[in-house]
Amino acid sequence: MKLMTMPSEFQKALPILRQIKEAGFEAYFVGGSVRDVLLERPIHDVDIATSSYPQETKSIFPRTVDVGIEHGTVLVLENGGEYEITTFRTEDVYVDFRRPSHVSFVRSLEEDLKRRDFTVNALALDEEGNIIDCFNGLEDLKNKSLRAVGKAHERFEEDALRVMRGFRFAATLGFTIEEATYQAMKQEAKLLAKISVERIFIEFDKLLMAEYWRKGLALLIDAQANQFLPDLAGKEEDLLRLMAVIKDTFTFENSAQAWAHLMISLGIYDSRAFLKKWKTSNDFQKAVSKIVSLYHFREKQELDKLSLYTYGKEVALLVEDLRQARALESDFARIQELDEALVIHDKHEMAINGRYLMQEMGMKPGPQLGEILNRVELAIVNGQVPNQIEAIRQFIEEGDKNE
Ligand code: ATP
Ligand code: MG
């Protein structure tokens with residue numbers, strides 16, 4: 001098969017393929033971008049595979065960065081873009097069902113394609129637009145089918161993350177999983193217990209964010225893969241409810257909202273403890289907790305100025321969006337109104353600060369100063385005091401008298 005028109009992302013990267021070829025090596029576009037072009041989906045990263053070894057690749061291009069040279073990957077900066085160029089490789093030594101500890105560079109494209117997870121991810125494209133399809137990936141693409149490259153059981157045993165990737169691609173592409181591949185995923189799901197949580201998080205997160213997340217999640221639950229994920233063992237009913245309580249067509253706005261919905265559906269109040277087990281970043285834990293806690297606040301009462309100020313408009317919109325998806329009463333206009341009525345949106349917008357209190361009002365640094373600032377902040381937000389220096393001074397001085 002030949003692509004008649006190359007999308008602009010590939011056009012832009014064509015000089016790179018040509019330069020590698022001129023230096024006497026082979027080079028192809030590979031992986032997700034080739035799949036996505038054929039599916040007419042937007043492309044993100046354009047990955048290139050080559051027969052040149054990393055040092056050889058580096059000698060061809062003036063601007064390169066060693067991003068993963070031990071795995072054969074060199075980042076090339078060309079034509080205003082960044083391209084990962086990876087030497088053809090096999091991954092022959094798998095230790096303990098994880099990613100290989102050792103990769104061997106090879107000179108054959110087919111060897112490289114063989115190590116890839118699913119046939120639709122194992123397509124290559126040359127500079128003339130020819131598709132190289134060693135494993136019937138084009139046929140699977142047409143049938144919207146995910147099929148492991150080679151013997152499914154072996155491939156999942158080699159790297160059990162592929163089980164998770166299977167659910168993830170079902171979710172992003174909306175494909176069905178070919179029967180033998182699915183049976184193998186089911187049987188090998190237990191090996192997920194051996195995979196690093198960080199790698200699993202990335203795939204699960206992509207699954208939740210995907211257009212067909214219900215499909216991916218339903219397959220994951222059916223395969224009982226949740227038994228081997230942090231704090232999700234025995235939670236299949238909650239996970240099923242997570243889908244049942246939310247409108248069919250709903251997709252999540254962002255990761256934090258997706259994970260917050262998971263927390264709410266699982267009845268987990270301490271999102272941080274849960275997300276710590278998933279080894280997520282502190283910032284992510286904070287973002288999810290905010291959504292969860294405002295969601296619970298909204299179960300009890302309407303949004304007010306102080307809660308909007310505390311959580312921020314963005315979080316409030318995400319919560320309202322979730323409520324709407326769960327067929328609960330929602331009020332987006334109120335968020336807008338309250339936000340417009342807020343005199344300040346952040347404590348840095350206060351007309352005074354700690355330095356002012358010390359320099360102009362002779363206060364000493366310490367916890368008391370912090371308390372006063374908090375009191376002023378609250379009063380400004382609630383509209384008790386205008387956000388003006390004189391008014392604030394008066395408010396503080398009166399407060400002192402009353403104490
Ligand atoms: P996306 O569009 O979400 O980035 P992708 O197909 O590009 O999807 P990546 O995780 O970026 O997926 O990986 C790039 C390519 O590397 C895949 O298409 C696949 O060929 C190969 N690959 C990645 N991870 C694995 C793995 N664990 N086992 C086998 N092949 C893999
Ligand atoms: Mg990719």
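All values reported here derive from a predicted model rather than from experimental measurement. Each ligand, and each atom within it, is numbered from 1 in the order the structure gives.
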Would Phe169 count as a contact residue for ligand 1, given that I'm defining contact as a non-hydrogen atom of the residue lying under 4.0 Å from a ligand atom?
yes
Return yes when Glu158 approaches ligand 1 closer than 4.0 angstrom through a heavy atom, no otherwise.
no
Hey, are Ser307 and Asp304 close enough side-chain-wise for a donor-acceptor pair under 3.5 Å?
yes
For atom 6 (O) of ligand 1, which protein heavy atom lies nearest, and how many Å away is it?
Arg35 NH1, 2.8 Å
In the protein, what heavy atom is nearest to atom 26 (C) of ligand 1, and what distance, to one decimal place, separates them?
Arg162 NE, 3.8 Å
Any nitrogen or oxygen of [X], main chain or side chain, under 3.5 Å from a nitrogen or oxygen of ligand 1?
X      : answer
Ser33  : no
Arg116 : yes
Asp117 : yes
Arg165 : yes

Heavy atom of protein inside 4.0 Å of atom 11 (O) of ligand 1, strictly below:
no
Geometric class of the Phe29/Phe10 ring pair [parallel <30°, tilted 30-60°, perpendicular >60°]:
parallel
Taking the inter-plane angle between the rings of Phe169 and Phe118 on a 0 to 90° scale, is it parallel (under 30°), tilted (30 to 60°) or perpendicular (over 60°)?
perpendicular
Interatomic distance, Leu161 atom CG to Asp117 atom CG [nearest 0.5 angstrom]
9.0 Å
Kindly give the atom name of the N, O or S atom of Asp45 closest to the Mg ion (ligand 2).
OD1
